[in-house]
2 protein chains.
Amino acid sequence: MPNKQTSVKALSKQARGGTGTTYSPLYQQIKSLLLQRLDQGEWRPGEAIPSEHELAARFQVSQGTVRKAIDELAADNLLIRRQGKGTFVPTHTEAKVRFRFLKLTPNDGHQPRSSSQIIDCTRVRASTEIAQYLQLKSAASVIRIQRLLSFDEQPTILDDIWLPSQVFKGINATTVRANKKPLYAWFESEFGVSMVRADEAIRAVAAQETAVQHLGVPAGSPLLQVDRISYTYGDRPVEFRRGLYITERFHYRHSLS
Amino acid sequence: MPNKQTSVKALSKQARGGTGTTYSPLYQQIKSLLLQRLDQGEWRPGEAIPSEHELAARFQVSQGTVRKAIDELAADNLLIRRQGKGTFVPTHTEAKVRFRFLKLTPNDGHQPRSSSQIIDCTRVRASTEIAQYLQLKSAASVIRIQRLLSFDEQPTILDDIWLPSQVFKGINATTVRANKKPLYAWFESEFGVSMVRADEAIRAVAAQETAVQHLGVPAGSPLLQVDRISYTYGDRPVEFRRGLYITERFHYRHSLS
DNA sequence: CAGTGGTCTAGACCACGTG
DNA sequence: ACGTGGTCTAGACCACTGC
């Protein structure tokens with residue numbers, strides 16, 4: 001059975017038939033199709049996607065090909081495999097995923113109790129800088145959330161968060177304060193926005209007025225400034241966040257390989 | 001042909017035969033064998049390892065199984081696949097690998113010219129802290145290298161590097177200064193030590209005396225302090241390094257997923 | 001052209017989680 | 001006992017590299 005002429009393979013053939021410029025293997029095409037469906041929300045965070053067997057039947061390819069597609073998605077943390085149970089869409093509600101984006105760890109091993117306090121939430125016009133990060137027109141409407149994270153009752157992180165108003169309709173001081181979940185879990189359940197990837201730029205800066213005020217450190221003392229752009233499916237930026245970390249009892253961890 | 005009784009599969013059977021506590025799939029065993037050989041230096045950095053076909057024959061397993069083992073090693077940057085050419089042992093001599101461990105990037109895109117200046121190189125006894133990082137007995141003999149990295153003639157990184165004397169025999173002020181290569185490339189070619197993985201802990205600190213002196217920043221100004229433990233094969237730590245970075249025109253980049 | 005890694009298939013069997 | 005993902009095989013064919 002050399003090659004069946006089915007929907008997916010039709011695509012494949014088109015790609016192959018050309019001058020070879022746009023060749024893309026079958027499993028990559030399957031991967032794209034799965035990504036599309038994830039983006040469209042066909043399977044919600046926390047749910048299982050169809051079994052490999054069923055996907056193979058649906059796409060008219062072998063199970064091994066579906067497997068390779070899922071392998072790559074799992075490697076990028078876009079899916080989670082659980083032997084004997086199925087393959088799941090990750091959710092920031094789970095404890096494991098929840099701290100995936102927070103690399104700050106205590107110097108001693110002991111995991112602290114954390115609490116969050118919303119300082120302010122306003123609607124503002126994006127500066128050129130913020131607009132650029134979020135790929136918006138300059139002066140576009142954005143929501144700005146300022147909050148303080150404390151570990152073991154010690155103020156440790158001052159976050160300044162900007163979100164496109166168009167995407168997060170209905171966020172304001174009241175709704176933000178009413179929310180009990182971690183922010184990313186809330187974005188997921190309330191606005192259908194899944195954070196999938198992020199880029200961070202880290203610098204050492206001297207504490208300014210607002211940091212002094214909320215973190216209770218002396219003016220000019222060194223803070224870790226972590227700028228993060230978070231992306232959903234399709235590499236669309238949906239959050240810019242500037243965090244100021246006190247790295248006295250904590251440090252930012254990074255494994256290189 | 002359900003299962004041949006060969007050297008490797010013998011291992012496999014032993015593992016399987018037990019109570020199931022120590023089951024490890026064939027490709028993992030192959031992976032371990034390859035890692036052993038890499039550690040022993042059977043294939044030098046930059047060289048190609050035998051083809052998948054040959055390894056399959058040598059280990060008496062199917063090519064697919066070897067493939068999966070190599071896939072995992074390649075995912076960890078322990079091997080590099082090159083279609084049509086072979087599978088290679090990475091080397092810090094290559095430009096791509098060379099900056100794998102340096103995450104500092106210019107704020108504007110433009111890549112600067114870099115230069116390194118050795119400040120000092122001495123033989124000292126390890127502090128308890130250093131000894132712990134390097135898994136040595138306290139007060140063990142270590143080599144300490146202090147150096148200054150400049151980008152576009154601007155002093156930017158002050159590095160303080162500790163190496164176990166036992167591993168790096170013959171490093172001193174003279175030899176270190178004579179060396180032209182990047183340090184990790186030098187370690188590889190001269191001492192047979194390949195840096196394979198590293199853990200970094202990042203903090204913001206205030207500039208002290210030595211930093212003021214060599215980096216030319218005001219006392220107390222914020223610096224990024226990057227503590228790195230580097231490992232060879234077998235997770236053996238062979239370097240501790242404390243870097244102080246000026247993050248004025250540069251930042252530390254990190255992609256999360 | 002030969003040799004390398006890369007894709008794809010089909011099928012057997014295993015380990016895990018749930019009834 | 002069943003369905004899920006995980007392993008392993010054998011073989012065909014494709015794409016890239018270099019002689």
Side-chain angles (χ1 to χ4, degrees), chain A residues 1-6 8-9 11-13 15-32 34 43 47-57 59-75 79-89, chain B residues 1-6 8-9 11-13 15-32 34 43 47-57 59-75 79-89:
Chain A
M1 190 197 311
N3 222 336
K4 277 178 284 189
Q5 183 70 24
T6 66
V8 175
K9 294 202 180 169
L11 270 175
S12 162
K13 291 235 165 184
R16 277 183 199 152
T19 54
T21 50
T22 36
Y23 165 74
S24 137
L26 243 190
Y27 76 90
Q28 288 285 4
Q29 301 176 47
I30 305 294
K31 188 181 170 188
S32 297
L34 290 173
W43 312 295
E47 284 181 16
I49 69 170
S51 73
E52 295 180 354
H53 183 75
E54 194 193 321
L55 288 171
F59 294 135
Q60 300 278 19
V61 299
S62 83
Q63 184 175 337
T65 302
V66 169
R67 185 144 241 289
K68 178 138 193 185
I70 294 180
D71 274 345
E72 292 213 344
L73 292 169
L79 287 175
I80 298 175
R81 323 187 79 131
R82 281 196 258 252
Q83 184 171 162
K85 300 178 77 173
T87 301
F88 296 79
V89 183
Chain B
M1 192 196 312
N3 224 337
K4 276 177 286 189
Q5 183 70 22
T6 66
V8 174
K9 292 200 181 171
L11 269 175
S12 163
K13 290 235 164 185
R16 276 182 200 155
T19 54
T21 49
T22 36
Y23 166 73
S24 137
L26 243 190
Y27 76 90
Q28 288 284 4
Q29 301 176 45
I30 305 294
K31 188 181 168 187
S32 298
L34 289 173
W43 312 296
E47 283 181 16
I49 70 170
S51 73
E52 295 179 355
H53 182 75
E54 195 194 321
L55 289 171
F59 294 135
Q60 300 277 22
V61 299
S62 83
Q63 184 175 339
T65 301
V66 169
R67 185 144 242 291
K68 178 138 193 186
I70 294 180
D71 274 346
E72 292 211 344
L73 292 169
L79 287 175
I80 299 176
R81 297 174 163 286
R82 280 196 259 252
Q83 184 171 165
K85 300 177 76 172
T87 300
F88 295 79
V89 182

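Letters A, B, ... are given to chains in the order of the sequence lines, protein chains preceding strands, and every chain is numbered from 1.
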| task | Specify the residue among Thr87(B) and Gln83(A) whose closest nucleotide of DNA chain C lies further upstream toward the 5′ end. | result |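 Closer to the 5' end of DNA chain C: Thr87(B).
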Without decimals, in angstroms, what is the distance between [X] [atom1] and [N] [atom2]?
X: Gln63(A); N: dC13(C); atom1: CD; atom2: C1'; value: 13 Å
X: Tyr23(B); N: dT7(D); atom1: OH; atom2: P; value: 6 Å
X: Leu79(A); N: dG6(D); atom1: CG; atom2: P; value: 12 Å
X: Leu55(A); N: dG3(D); atom1: CG; atom2: P; value: 17 Å
X: Tyr27(B); N: dT9(D); atom1: OH; atom2: C1'; value: 16 Å
X: His53(B); N: dA2(C); atom1: NE2; atom2: P; value: 15 Å
X: Phe59(A); N: dT7(C); atom1: CZ; atom2: P; value: 18 Å
X: Gln60(A); N: dA10(C); atom1: CD; atom2: C1'; value: 15 Å

Between [options], which one does the side chain of [X] approach most closely?
X: Lys85(A); options: dA10(D), dA10(C), dG17(C); result: dG17(C)
X: Leu26(B); options: dC8(C), dG6(D), dC8(D); result: dC8(D)
X: Pro25(B); options: dG5(C), dT7(D), dT18(C); result: dT7(D)
X: Glu52(B); options: dT18(C), dG5(C), dT7(C); result: dG5(C)

Looking at every non-hydrogen atom in both residues, tell me the closest pair between [X] and [Y] and how far apart they are.
X: Ala69(B); Y: Leu34(B); result: CB-CD1, 4.5 Å
X: Arg81(A); Y: Ala74(A); result: CG-CB, 4.0 Å
X: Tyr27(A); Y: Thr65(A); result: CB-O, 3.6 Å
X: Pro50(A); Y: Leu55(A); result: O-CD1, 3.6 Å

| field | Set of residues satisfying salt bridge (charged side-chain N to carboxylate O under 4.0 Å, His left out) with respect to Lys31(B), sequence neighbours excluded | value |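 Testing Lys31(B) for salt bridge (charged side-chain N to carboxylate O under 4.0 Å, His left out), a comparison that skips the adjacent residues, returns Glu72(B).
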| request: Name all residues meeting the salt bridge (charged side-chain N to carboxylate O under 4.0 Å, His left out) criterion together with Glu47(B); count only those two or more places apart in sequence or in a different chain, and write none if there are none. | output: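 Checked Glu47(B) against salt bridge (charged side-chain N to carboxylate O under 4.0 Å, His left out); zero matches.
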| said: Nearest 0.5 angstrom please: Lys68(B) NZ to Asp71(B) CG, how far? | reply: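 Going from the NZ atom of Lys68(B) to the CG atom of Asp71(B) covers 8.0 Å.
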| Using a heavy-atom distance cut-off of less than 4.0 Å, which residues of residues 64-74 of chain B contact DNA chain D? |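 Contacts with DNA chain D under 4.0 Å: Thr65(B), Lys68(B).
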| said: Does dG6(C) have its OP1 or OP2 closer than 4.0 Å to a side-chain nitrogen or oxygen of Arg81(B)? | reply: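 Yes, Arg81(B) has a side-chain N/O under 4.0 Å of OP1/OP2 on dG6(C).
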